[in-house]
2 protein chains.
Amino acid sequence: MCQSLASLSRAIYYRAMTLAPHDMICFALYSAAHAMQQAYRPYLDELGLTYPQYLVMSALWSGAAEGWDRGAEQDPEHAPSLGDIAREVQLESSTLTPLVKRLEAAGLVTRRRDARDERQVRIHLTAAGREMRARAAHIPACIAEKAGMEIGELVRLRDEVNTLRDRMKAG
Amino acid sequence: MCQSLASLSRAIYYRAMTLAPHDMICFALYSAAHAMQQAYRPYLDELGLTYPQYLVMSALWSGAAEGWDRGAEQDPEHAPSLGDIAREVQLESSTLTPLVKRLEAAGLVTRRRDARDERQVRIHLTAAGREMRARAAHIPACIAEKAGMEIGELVRLRDEVNTLRDRMKAG
DNA sequence: TGCGATTGTATCGTGTGCGATTTAATTAGG
DNA sequence: CCTAATTAAATCGCACACGATACAATCGCA
């Protein structure tokens, strides 16, 4: 089916080759990421969210794993900025600005300039946005079940993929 | 950094949870696929190709691992159809039709209706398209080096990701 | 043979994605 | 202080990506 290790190694040794997409690591990631989006689609359709919108909402719901909202109760300016979210979901402002505007148009978030630094736009969940969290809470288990792998296997694979990603982004 | 196995397992057990993007498998694939595209960019810029265009050209160059062009010398109708390419790169015709038209506009391929079945459009490499293969042949080794992993490790990770993809696409 | 079902592409609308650039606000340095 | 450099968002242009739909060509079956 796929090109053998020996064949790949020989080709790399000669440092000049043509690979079919189904032999490429990058295509494995590319097609798997798209397959994941398709697996989420029926669940996200119920919520009226696209997949990247779901990632942004998940970041807000989790407080990006509680890095953002320490003291947010007292100080609304501790809500994440658009840049904070951009770093969490690894998207450019040129992608995120219109996406968040669509979330705002859907009534899930608000966008407000920070009073102390007017360059920043702080993103707040609305009541509707907070309520959606419970309606989305079943999704991870559904996806994990569809993956048909042990949770430990999924976590190991996730970490290996994250390691590869970080290396591709470095130097 | 990332949510622990214990935490994930507990959450899956309760079947209701909110994960931050950086804890999700799907986000690992999503962000790694984008990081890969960025790693290819400098090489593809030299060729004037986008990343999905490179996947299509790679499929043509490899004859999709020699499944397409048996006897193509004698019979030009054995060239891959748009549907053949769509299956290889796992894209819809609505994505591939304009993409291939751009490759045609760049002088890399031709599109011709099959005389025996006028529903199908057969895609042929032009001389310029064939010549580009040599200019792209160094790319896999450059990417593999940047990944900083043993080839065997890369192949194993690719196969695991492909397995996950196939499970997400099934049922 | 003829006609309904299927198949292969194409078209349209919406929503990403990113590079390049712009604008406004803040910071840093002399 | 005052200006140069930096930073945060936004804007624009182009290219995916897919669902829904349309349409023509072919197939299947009575």
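We use all heavy atoms of the structure for the numbers below, so side chains are in, but hydrogens, waters and symmetry mates are not. Numbers restart at 1 for each chain; the letters A, B, ... are given by sequence-line order, proteins then strands.
The CZ atom of B:R111 sits 13 Å away from the C1' atom of C:dG8 (whole-angstrom rounding). Atom CG in B:L103 sits roughly 8 Å away from atom P in D:dC16 (whole-Å rounding). D:dA9 atom C1' lies 10 Å from atom CD1 of A:I123, rounded to whole Å. The separation between A:L91 atom CG and D:dA8 atom C1' is 16 Å, rounded to whole Å. Rounding to whole angstrom units, CG of residue A:L96 and C1' of C:dC18 are separated by 13 Å. Here the C1' atom of nucleotide C:dG13 and the CZ atom of A:R102 are 13 Å apart, to the nearest Å. In this structure, CD of A:Q120 is placed 19 Å from P of D:dT6, rounded to the nearest angstrom. In this structure, A:Q37 places its CD atom 10 Å from P of D:dG19, rounding to the nearest Å.
Here B:Y30 reaches the OP1 or OP2 of C:dG17: one of its side-chain N or O atoms lies under 4.0 Å away. Remark: B:T50 is in phosphate contact with D:dC16, judged by side-chain N or O atoms under 4.0 Å from OP1 or OP2. Between B:K101 and D:dC16 there is no side-chain N or O to OP1 or OP2 distance below 4.0 Å. Phosphate proximity of C:dA10 to B:R113: present, with a side-chain N or O under 4.0 Å from OP1 or OP2.
Base pairing of C:dA25: its partner is D:dT6, meeting the Watson-Crick or G-U wobble criterion (both donor-acceptor distances under 3.5 Å).
Of all the heavy atoms in A:M36 and B:C26, the pair that sits closest is SD-CB, 3.8 Å. The two residues B:Y51 and A:F27 come nearest to each other via the heavy atoms OH-N, 3.9 Å. Shown here for B:C142 and B:Y43, the closest heavy-atom pair between the two residues is CB-OH, 3.3 Å. Across every non-hydrogen atom of B:D114 and B:R122, the tightest pair is OD2-NE, 2.7 Å.
Annotation: of the two residues near DNA chain D, B:P52 and A:T97, the 5′-most nearest-nucleotide partner is A:T97. Residues A:L99 and B:G83 both approach DNA chain C. Their nearest nucleotides, taken by heavy-atom distance, put B:G83 toward the 5′ side.
Ring pair A:Y54/A:Y40 is tilted by interplanar angle, where 30° to 60° counts as tilted.
Inter-residue side-chain proximity for B:V109 and B:L60 is flagged as met; some heavy-atom pair is nearer than 4.5 Å. For the pair B:S62 and A:L19, the minimum side-chain heavy-atom distance is 4.5 Å or more.
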request  = For nucleotides 19-29 of chain C, just jot down a letter per nucleotide in 5' to 3' order: B, S or -, based on protein non-hydrogen atoms under 4.0 Å.
outcome  = BB----BS---
